[in-house]
Amino acid sequence: MQANSVLRGGRGVGMMRGVMSEQDAESSVPADVLTAAVREGFARAGFAEADVPGGLSVVATANPAFGDYQCNAAMPLAKAVGRAPRRIAESVIAALPAHPCLGRAEAAGPGFINLFLDDAWLCKQGAALGTDPRLGVPRTGRGRTIVMDYGGPNITKPLHIGHLRSPNIGGALDRMYRLLGYRVIADSHLGDWGTQFGITIMGYREYGDAEAMERAPMEELERVYVKSYERSRRDEAWLTRCREELVKLQAGDAENTALWKRFVALSLEELDRIYGRLGVSFDLVRGESYYRDRLRETVAVLRERGLARPSEGALAVFLEDEKLPPCIVRKSDGGFNYATTDIATVMSRVEEFQPDRIVYVTDERQQLHFRQVFAICRRLGYDTALEHVWFGLMRLPEGTFSTREGTVIRLEALLDEAERRALAVVQAASPDMPAARQAEVARAVGVGAVKYADLSQNPQSVVTFTWDKALALDGNSGPYLQYAYARIAGVRNKYDARFPGRDPETEPLRLSEPVERELLIRLVRFPETVRRAAESGKPSIVTDYLYDLAQVYSAYYQAVPFLKAPAGLRESRVRLGGVTARVLRRGLELLGIEVLERI
RNA sequence: ACCCCGGUAGCUCAGUUGGACAGAGCAGCGGACUUCUAAUCCGCAGGUCGCGCGUUCGAAUCGCGCCCGGGGUACCA
């Protein structure tokens, strides 16, 4: 496959990014520090962690009245050791080790242990975030490699709105893992070697229009595919011929290979253009075809190991032990399918990269497929962690979209409309801005809105697409966050203009209003938020966090004077805004959303 | 028939894996721009967490049984 601009340019796959944090050795993630402290408290008070059902840890509180973090372990422990939970909580609190992070602790209710972060530590920690390029995120993945498999659509068809989710969610997780210190290899596993080529080749020969192919190739390819596919549904002989064309292609037939190359090249142009608009790029773009020469050998290995055996003319792996249906690895016509390719792909990736994990980001329909593939890989002896992060299908209010019924919305049309709507808002809000700049802002805001609308939902829920939801510009939306960021940048610029030569960073952070503490607590929770989002495969955890952060900042900004505050306090507030901006920027970058200094 | 998801305010969705009184955004109503960006902020109203049993100090969250919706179940991917 040709290299193309979807590839990440210039960056060595194995290179560590960013600057090492000075504080790497000692974690400053509040949840970690407090969990360690509480563990020690329980131990010193004479309780064994093993007695605590569900383990010992702290969680952020929902209500600031109950502290910043709470530990609930005293209550489940009570029964095991036969003591009153409240007493347990009190004795643990008495035994807690001193730590600069921990301000105070108190027992509450039936046996909650409420923990308050120390104000001075909060200020110091918040200030540190202002210079730490990692914003306190620990390198939990240091020395480990993840292959991320996402954003690999079946080609020869135009991308529609349903194709947004994989690169969007996958890309966000990819960047989070990199920030967490993993070596990440992002691979777009294009569907370029399957049955759809047999169907497309037959359709092209029978129905193809040379002139349309010149003018609008992707539309034409889709048109002939649909015609051929429909015919295959009612014409058994046609379907058989489609399959034969695929087998010929897979066997290296010259004419089919030439057609295939042409279709792939056209598809990559389209993919390149749209992924370019979305800012999506990969370390590798290896389609299924990359593994074509390994398929025969893969099946041979499965046979040697006694895993695959003939069944109804095909070759299948039976997975009764895993309570899974049989998995076909070679069709009765001799052709190979998706499962064969995916097994070969695991083999290849393990050989080449020795990954600790391979993470696949696809839609929910592939759950069974991956369970089968993973089971087969385990039987082959691979101990690489194989994970399937799946997301719900995108639907329209009237149901699933269908090419035949013309209810497909093309991804490019969505991006166009997003930019159009954003431009109208920019023109209304910033009439003085040069037109070229307005267009640039509209582009970033429009794409940001589309991405955010998708990422802010739990991936595993079905997304019902509506224009107004996908293009929301206010409320819990990407533009809201971009606006919050731009406002902070505006304050900083005004500060620099009005107080030339002064540097807010030389003043300590102060807590003069309760909301400042609220803001600071959120800021220091960035690391644990990123970690939780990555490990649970849910970028929505980051969007929720950022939205909450921006809301608290906006309320703060609206309620108290910044530039008109007394000297000292003024610097503290500008500085706190600056830290907030850094977190917003980093968070939005993780989501693949651009930030702008002025919108 | 079986397997996997989902059901929370009028609508769209959160809910940190069992914690304290269930939260946002839209939409609705009422306020705040001669002032650091009003793409904003403040307030009001809005709930049988699909239904029923159960588990326990404690359930939207866990178990069982139903009801609705989506997806999947060997030669598509």
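Letters go in sequence order (proteins before strands), and every chain restarts at 1.
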Practice item. Check the distance between B:U40's P and A:Leu481's CG and give it to me in whole angstrom. Key: 11 Å

Point to revise | For atom NZ of A:Lys469 and atom P of B:C26, their distance in whole Å | key: 15 Å

Practice item. May I have the distance from A:Ile488 (atom CD1) to B:A39 (atom P), rounded to whole angstrom? Key: 16 Å

Study note, to complete from the structure: Per-nucleotide protein contact along nucleotides 70-77 of chain B, 5' to 3', at a 4.0 Å heavy-atom cut-off (B base, S sugar-phosphate only, - neither), is BSSSBBSB

Exercise for review: For nucleotides B:G65 and B:C2, find the distance between their P atoms and express it as a whole number of Å.
Suggested key: 10 Å

Practice item. For A:Arg241, look at atom CZ and say whether over 12 heavy atoms of other residues, nucleotides or ligands are found less than 6.0 Å away. Key: no

Exercise for review: Look at all strands and tell whether A:Ala486 reaches a base, only sugar-phosphate, or nothing, counting heavy atoms closer than 4.0 Å.
Suggested key: base

Review point. For B:C41, does either OP1 or OP2 sit under 4.0 Å from a side-chain N or O belonging to A:Tyr480?
Key: yes

Review point. Which part of the nucleic acid, if any, lies within reach of A:Val425 when heavy atoms closer than 4.0 Å are counted: base, sugar-phosphate only, or nothing?
Key: base

Exercise for review: To the nearest Å, give me how far apart CG (A:Asp474) and C1' (B:A24) are.
Suggested key: 13 Å

Practice item. Validate the cation-pi geometry between A:Lys157 and A:Tyr225: distance from NZ or CZ to the six-membered ring centre under 6.0 Å, angle to the ring axis within 45°. Key: yes

Practice item. Only counting residues at least two apart or in another chain, list the ones meeting side chain to side chain donor-acceptor pair (under 3.5 Å) with A:Arg365. Key: A:Asp363

Check your understanding: Base, sugar-phosphate, or nothing: which does A:Tyr495 touch, judged by heavy atoms less than 4.0 Å apart?
Key -> nothing

**Study point:** Ring centers of A:His369, A:Phe374 separated by less than 6.0 Å
**Key:** no

Exercise for review: Report the distance from atom OH of A:Tyr452 to atom P of B:G25, rounded to the nearest whole Å.
Suggested key: 12 Å

Review point. B:A24, B:U40, B:C57: which one has an atom nearest the side-chain heavy atoms of A:Lys79?
Key: B:C57

Exercise for review: With heavy atoms under 4.0 Å as the rule, sort A:Arg371 into base, sugar-phosphate or nothing.
Suggested key: sugar-phosphate

Check your understanding: What nucleic acid atoms does A:Ile599 come within less than 4.0 Å of, heavy atoms only: base, sugar-phosphate, or nothing?
Key -> base

Review point. For the pair made of CG in A:Leu455 and C1' in B:C13, what is the distance, rounded to whole Å?
Key: 15 Å

Check your understanding: Starting at the 5' end of RNA chain B, what dot-bracket string do you get if Watson-Crick and G-U pairs under 3.5 Å are bracketed, crossing pairs use [ ], other-strand pairs use | and unpaired bases use dots?
Key -> (((((((..((((.....[...)))).(((((.......))))).....(((((..]....))))))))))))....

Point to revise | Rounded distance (Å) that lies between atom C1' of B:U37 and atom CZ of A:Phe562 | key: 13 Å

Point to revise | Partners passing side chain to side chain donor-acceptor pair (under 3.5 Å) against A:Arg421 (at least two apart in sequence or in another chain) | key: A:Glu417, A:Asp468

Point to revise | Interatomic distance where CD belongs to A:Glu571 and P belongs to B:C36 [whole Å] | key: 18 Å

Revision key, fill the gap. Readout for nucleotides 14-23 of chain B: B = base within 4.0 Å of protein heavy atom, S = sugar-phosphate only, - = neither; 5' to 3' it is S-BS-BBB--

Check your understanding: Considering residues at least two apart in sequence or located in another chain, which fulfil the ring pair (Phe, Tyr, Trp, His ring centres under 6.0 Å) criterion with A:Phe116?
Key -> none

